[in-house]
Every structure is written in C-alpha cells, then in structure tokens.
Number of protein chains: 2
Amino acid sequence: MDFQSPDQGASPAEEARGRPLVEVALESIWHSREISRADLARKLEVSRSTASELAAELLDTGLVAEGGDGPSRGGRRPILLRFQDEAHVILGVDMGASHVAVAVTDLRGRVLVWTEEAHPVRDDPSGTRALIIRLADEVLGRVPGAARRLLGIGIAVASPVDHLDPLHLSETVLPAWKGRSGFELLRERYGVPVFVDNDANLGALAERWWGGGRGLDHFTFIKLATGIGAGLIFRGQIYRGATNAAGEIGHISIDPRGEPCVCGNRGCLVTFVGGDALVRKAETLVAENPGSLLAERCISPGSIEEAALLRDPVAMQLVREAAQHLGVAIAGLLNLLNPGAVILGGSMARLKEDLLVPLRETVVRRTLVSSVAASEIRVSDLGPQGIALGASTLVLSLALANPALFPGMRGIAAGEGR
Amino acid sequence: MDFQSPDQGASPAEEARGRPLVEVALESIWHSREISRADLARKLEVSRSTASELAAELLDTGLVAEGGDGPSRGGRRPILLRFQDEAHVILGVDMGASHVAVAVTDLRGRVLVWTEEAHPVRDDPSGTRALIIRLADEVLGRVPGAARRLLGIGIAVASPVDHLDPLHLSETVLPAWKGRSGFELLRERYGVPVFVDNDANLGALAERWWGGGRGLDHFTFIKLATGIGAGLIFRGQIYRGATNAAGEIGHISIDPRGEPCVCGNRGCLVTFVGGDALVRKAETLVAENPGSLLAERCISPGSIEEAALLRDPVAMQLVREAAQHLGVAIAGLLNLLNPGAVILGGSMARLKEDLLVPLRETVVRRTLVSSVAASEIRVSDLGPQGIALGASTLVLSLALANPALFPGMRGIAAGEGR
DNA sequence: TGCACTTTGTTCGCCTACCGAACAAAGTAG
DNA sequence: CTACTTTGTTCGGTAGGCGAACAAAGTGCA
C-alpha cells in the first residue's frame, strides 16, 4: 500500500487570505439591514476606527447610505448605515418543462413584478428563447429605471447544469435543445452577467434565504412536478455532487417489484407520484367514479391539486397515496442525510396538511432514531414564484459574496479583475 | 409572507480573516513533503522574502527541517524544507461493537504499531475502558519516545457522536454505557487532546487521506459489519447532518414488503446484509447443504468471508445475494448524492470482485444517468486497520488545520488561547 | 439644573505583516 | 570564461488595521 497525501482542494493562496474586509462589511450590513458603525465594528470584530473607514468606503458605492439616528443606549445616538435594497434590481427566470416565469426583484428578494406563461419549453427551443426575451422586456419595462439598475440575470432550468459550462443543457433531459441554451443572447441584450442552475437547487436556495430554510444549514427541498427533483443544502450552500447530477430523488426505487420506469429501474418514485403517473391513476379512478370533480375537465397535476383543495374524494385519495409513497423515499433520505428539514414545493404544496399528515405518518413509522423522525417536514410558502425568486437569489448571493463579478457594482473592489 | 434574511453561519469576523499564514505554510509543506522556499512562495503566492520568514518560523517548531539540496533548475540549487513526519505520534482507537483495535501512527499516517482484541464492547463499558488503556499502553510502549511525542488521541466509536459533546455516547445504540464514554480518562492519563467520531465517518476520512478517496471531494464510504453505516464526504470534509445522525444507510428500506427490522421499518438494508442477517441465512442454507465449509465451525460474518474466499458455493451465494441487495441501496444513493465514488469497507472488503461484480450489475440496471452509473464502486484497500487509521487521521487533520488546538505543538501560533 | 457617566464617531500616531528591489551565492549553458 | 538563471537574504517602504485620546451627544441621578 502506497501512502500519499490527499489532493488539496482550493489553492492554499486563496485559502490563506480572507475576503477583503469591505466585502464582508457590505454583506454584514445587508444582513443587518441597518447598523451603526460601532455595531459593525463589534460584529466584524474590528476597531471602531476601521469600521468608520469601511463605512466611508461603502457610502461611496451607493449601496449603503446613512439613514437617521438610532436609539441611544445610554450615550450618543448612533448614525445608522442602511443597505440600499433598491440600488439594483435582478431578473429571475424560471424555465420549467411546460412554462416560463420571470420576476424582477430588488436586493432584498422582494418580487417587484412577476409574470408567467405556459409554453411547450421542452420541444421548442427557439420559441422559448423568444418568449423569455419578450417576458423579460415586459417585466423590466414595468419597473422604473430597471435597465439602468439591472445587476444580473439568474435562470432556473429543469435540467442538470454543469456549473463549469452553465450555458450547456443536458441533451438527455432536453434533447430538442441539442445542448445549446442560447442564454448568451440575454447577456448581450442586457449587458449583465447571467447565471444558470437547476430549478430544484434554486428552489432550495430561495427557501434558504426567504422561506422555511432560513437559519438551517442542512435541509432538502423537493420539487414535485412532471419530474421530481431535490435541491440539497449542505453547510448553507447548494450541494451539486461530483458531476452536478445530485438530487435525482425521482429515480430512487421504493419498490423493487414496482412498474418499470423510463430510466430502466423499477418502482422509481416518479412512477408513483410523478405528474404523468398521477394523471394516469386519476383517469383510472375517474372511470370508476364519474361523479368526481375531476371528470369535468382535462386532468392535469394542477386540476388534481384544485380538486383536492375542494375536497373531492378521488383527488384526496390520489394525494394520500402519493404522500405515502413520498414518505417512503423521504424516510430513506432522512436516515441517510439527516437534514434539519424537508420542504416540499411544486404542484402539491398548496394542499398543506392534507399532504403532510399521511406523509409524516409514513415517515415516523420508517425512520430509525426519534430525532430523525422528528425532522420537520413542511410545504413551501413561497408559492409559484419560488423558483424564479431562487434564480434571482442566486445572483444576489453571488453579488454579496463576490461583488467583483458584477461590473455594474463598480466602486467596490473594482480592481479585482480576472 | 415576511421576508427576512437567512441566518449567517460562521461569524463574519472568522470569515473575514484568512488563517495565519504560518499555518497555511505548515500544511502546504506537509502536503509537499519537501519543498524549497522559492517553491513555497510560488505555491502560497507570497514573495520569496515572506516565504523565507515563514520557513524560519517553522524551523523553530521542529516540525520542519532543512534536508539537503534539491536539483538545480538552471540556477542555484534550492534548500529543501522537509516536513518532519516523526516529530509526533498519534494514537488511533477503533472501538467496534465487538472488538477494540489501537494504532500508533506518525504524522504521515504510517501505522507504526497496531494491535486488536475481541471484546464484548457493547455490554461491558468499564472492561472496555480498561482494555483500551491496556492496549494503548502496550502500543505506545513499543514506540521509542512515544509518550513524549504523543500529539493527540482519536477514537472511532460505532455510535453517532454529537460533536458538541463528543464524550457522550448514544444511549439508544449503546444502552449499557449510559451515555458516558469515560474517555476523559485518556485525556488525563496521557495529557493530550482527545477527539471522538463515528467509525464510518472516520473510515471515510481514512479513505480520503490515504485510500481510494484521495483527490475526491465527494464520495461515500460504506462500512459493512454487524451494522451498516455510511461516511459521507462532501467538499472534502465529513458531512454529519443536522443532528450528527447522517449516514444511517443500514435502515433505508429497500423493500416495503420485507421483514420487519428492530428500527420499526420493514425491509431495511440491514435485514438483508447486516451481520446477524447473514449468519441467520447461512444457518438456513447450511442445514440444506451440510457439505459446505461453513458447516465446520461457528458461523460468523468473518467465517462467511473466509469460506467465500475459499470459493465455498454456499458462502458465495450469500455474498452474491448480499451484493444485489446492497446494489439497490447504492443505486438510490448514487441518484440522490452523485458521489464521485463509493468505497466499501468492513467484513466483505477482502472479497473484491466477487462482491463488486454482482453489485455493479445491479447498480447499472438501477441508475438514471450513465455518468452516475459509471460512478466508481470499489473496495477499501486499507484493511482492518482502516478505522483506527481514520481515528488517527482525525487528529492529524485537526493538527494541520488548527495547530492551536495542540499544546504539544507549541511554538506555532502559541498565543491563540481557547 | 448640574454633574458623572456612556456611547458614538473621528483623528492620529504606531505597529506589523507583507512587498519589492537589490544583492550575494551557487548553479547552468554555450 | 562569460552570460544568464535561480535561490535565499537583507532592508527600507507601505498599507491596513489598532489603540489611545478626544469631542459630540446622549442618559440618569442628586
């Protein structure tokens, strides 16, 4: 046996130096929303004199401004430094399997404008690209000064994303696109950086910043739709695996004797709770129960959700069974990963307890340690905007962590280059 | 919906400043084994003058020494700085369910002395503690100057470890221990820091540093024994989950209609390939096939492994079936986590291809993307010493990352306090 | 109201870690 | 032997951060 050293990850040079203090200060002020120089000094563990200098530097960038005095704590009243949430806007794009949604947000993740349109994304690359630009122009046009203030564009796609070559799309999942996303067009049209990631990952990111994942360093977001994907947050960050293929929870087998799946396996989770499987089962059940609300119109995951909200027995049975199957997979996930929470988003999130009760029941019966069984399972409360918001959040997180990536933010760490 | 900021992880103060340059230099020299000042400067991206100063400081600690000249590259020959692997020794303890093993290693992970003894650890806390001390005294006695050079002690336990209170043991897994490990004794007896972690985690760590996981930032180590545990390496580090319960792969259900398990679930992986399950199945098979090698003596996971190595048909059938069941669980793991490799250790690792061939076959049939199916599945080549080596490696990794934890290394970053 | 005490924010000199230029030492290549 | 490299050291310079001191602006109690 030959003993060698483990290869090193990041270059030691990067590891050694901390980030520039201004950047940390900026991020810190963003987190605090408003903070005095003295508090900033305490938070960053630097002297007050240094905090003062940092403040001066940040005031120059326009990202921070002085906003009134804070309450006295027994001495002189502090001058509050306030992060300027409106200094820039971000465009978030959610490109699903059969729809496109776009949102304009500010730097606090507030959705200023949002719009959505159904489209056969999977089969129509050029039409989809045109649609994205049309919707983007529309929403940006509705925000005053958006063009000037646009910081960057984030795009969520329902396909694995190689984050070394993010403009390339998986040819297995979206064959008609032939691997070419064409998102360079956006960069050229708007003149800002463009970032792309998988939709389940970005859903998870949105939960981490604005939803049920706040304060949790380890949790899992599960997106229920035509396909089923998981976004894994580890140590507060998106985990992508060795080849950016992590999170394919839909193709975990929960029954070795189950129906064959397109992937070659048997009894995959999608064959029980995927969009197509649900519709197929619904059609069978409706044939037996013609009185169901579902008999009235074309059956889709959306119509099943609505029927269940109206307490249609057939729809509710479908949901209950789906929850139980989901429970088996989630129990396995809890045993293996021990996340702090599991957050469900997508087509069934609006059902809340109708989905969660049978799900939790299955999970408790199927997990080892009580602490794991006690893991919180919730539905997302970010609604249909969640994914687009996540795309926007990707840009925001990068801007705060590494302002140098954004020429539009010049003034802070301008000399960084690359 | 109320928008708030995500909580911050590490304090911004820690985040801002990089590690002290001396520490980075020390780690860098360890990785290089020997390196000139000029090369060190290039590697750390500092000036040669700074590298010279760092070298001077490290020479004082005794952890680095000048060792001869290197080859010229067209100019003056460099003086090589050599990391002193023998400057300290580390004690690694592997406390399994039914045995104790201890190893003394140097700072390069070389096992200098090793010994092992069977013991009913689970049921005999005080006897186990005495045994550990006896074995530790014995192995340390066989290494000249060990007492003086001892840097720290690492302990691997077959139980989840809360890494805020590492001396506490799980009362569910080891009820007889009543939560108290008593490892403080070791700290007092030898006067060095003691660190504890779960055995599968430390097996994974050993693979990351010295085994099949070198250079892989994302992989999974699976320990097959009485229980089945997984050690997950994410971003080059051990992943422990939200409550240190991650890696319980043994209680993932691979068949919802399978036999009930002690954990309350049905068809858990352990009910197919756990030590007890294997022995039970072997007994059934032996009754039908009295000619098997297994009929000759008491059946245990170890004897099954040996019979299979001797190509006993009954044992090989057991192994094949176990591999297939393991394959189902591993396929799920690959879909979900997309690790760069899966490394198998423990009671069946010696079987190599006899285990891997049927396993890989199952996995390929059961994973979605070809890139995931191509994920390497290997057996560990660290042998029975792997876990104790991992315990030792835990101490080594901490010493290199944070020398301030080790009073015995004083001279470097001595003022750190804590 | 006055006085003692706090807290904030700024100024200014100082200290330390690191840099760059210069140089001697020790090699290679023709 | 000469021209050119590379290594390692020396030494003065610089910039980023610190601490002490101080003015400004508050609180609380007699």
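Below, chain A is the first sequence line, B the second, and so on; all start at residue 1.
Taking only side-chain atoms of Ser47(A), from C-beta outward, the nucleotide of dT7(D), dG19(D), dT8(C) with the closest atom is dG19(D). Among dG17(D), dG8(D), dT8(C), the nucleotide with an atom closest to any side-chain atom of Ile79(B) is dG8(D). Each of dT7(D), dT10(C), dG9(C) was ranked by its minimum atom distance to the side chain of Pro78(A); first place goes to dG9(C). The nucleotide whose nearest atom lies closest to any side-chain atom of Thr50(B) is, among dC19(C), dG8(D), dC18(D), dC19(C). Nearest nucleotide to the Arg42(A) side chain, out of dG17(D), dT8(C), dT7(D): dT8(C).
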Polar atom pairs between nucleotides 23-26 of chain D and protein, under 3.5 Å, N or O only, would you list them?
{"unit_1": "dA25(D)", "atom_1": "N3", "unit_2": "Arg76(A)", "atom_2": "N", "d": "3.2"}
{"unit_1": "dG26(D)", "atom_1": "N2", "unit_2": "Gly74(A)", "atom_2": "O", "d": "3.1"}

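Under the side-chain hydrogen bond (donor to acceptor under 3.5 Å, both in side chains) criterion, Asp85(A) pairs with Arg108(A), Arg110(A), not counting sequence neighbours. Not counting sequence neighbours, Arg187(A) has no partner by the salt bridge (charged side-chain N to carboxylate O under 4.0 Å, His left out) test. Partners of Gln84(A) according to the side-chain hydrogen bond (donor to acceptor under 3.5 Å, both in side chains) rule, which considers only residues two or more places apart in sequence or in another chain, do not exist here. Legend: residues meeting side-chain hydrogen bond (donor to acceptor under 3.5 Å, both in side chains) with Ser47(B), ordered by chain and number and at least two apart, are Ser49(B), Thr50(B). Here Arg240(A) pairs with Asp197(A) under the salt bridge (charged side-chain N to carboxylate O under 4.0 Å, His left out) rule; sequence neighbours left out.
Using a 4.0 Å cut-off between charged nitrogen and carboxylate oxygen, Arg19(B) and Glu27(B) count as a salt-bridge pair. Using a cutoff of 4.0 Å between basic side-chain nitrogens and carboxylate oxygens, Arg73(A) and Asp39(A) are scored as salt-bridged.
Atom CZ of Arg73(B) and atom C1' of dA26(C) are 15 Å apart (whole Å). With rounding to whole Å, Arg48(B) atom CZ is found 11 Å from dT5(D) atom C1'. Taking atom CG of Leu44(B) as the reference point, atom P of dA17(C) lies 16 Å away to the nearest angstrom. In this entry the distance linking CG of Leu40(A) with C1' of dT10(C) reads 15 Å, nearest Å. Here the P atom of nucleotide dG16(D) and the CD atom of Glu57(A) are 8 Å apart, to the nearest Å. One can place CZ of Arg37(A) at 14 Å from C1' of dT11(C), the figure rounded to the nearest angstrom. Atom CD of Glu45(A) and atom C1' of dG19(D) are 17 Å apart (whole Å). The nearest whole Å value for the distance from the CD atom in Glu66(B) to the P atom in dT7(D) is 15 Å.
The phosphate of dT10(C) has neither OP1 nor OP2 within less than 4.0 Å of any side-chain N or O from Ser49(A).
Comparing Leu80(B) and Glu53(B), the nucleotide of DNA chain D nearest to each residue sits closer to the 5' end for Leu80(B).
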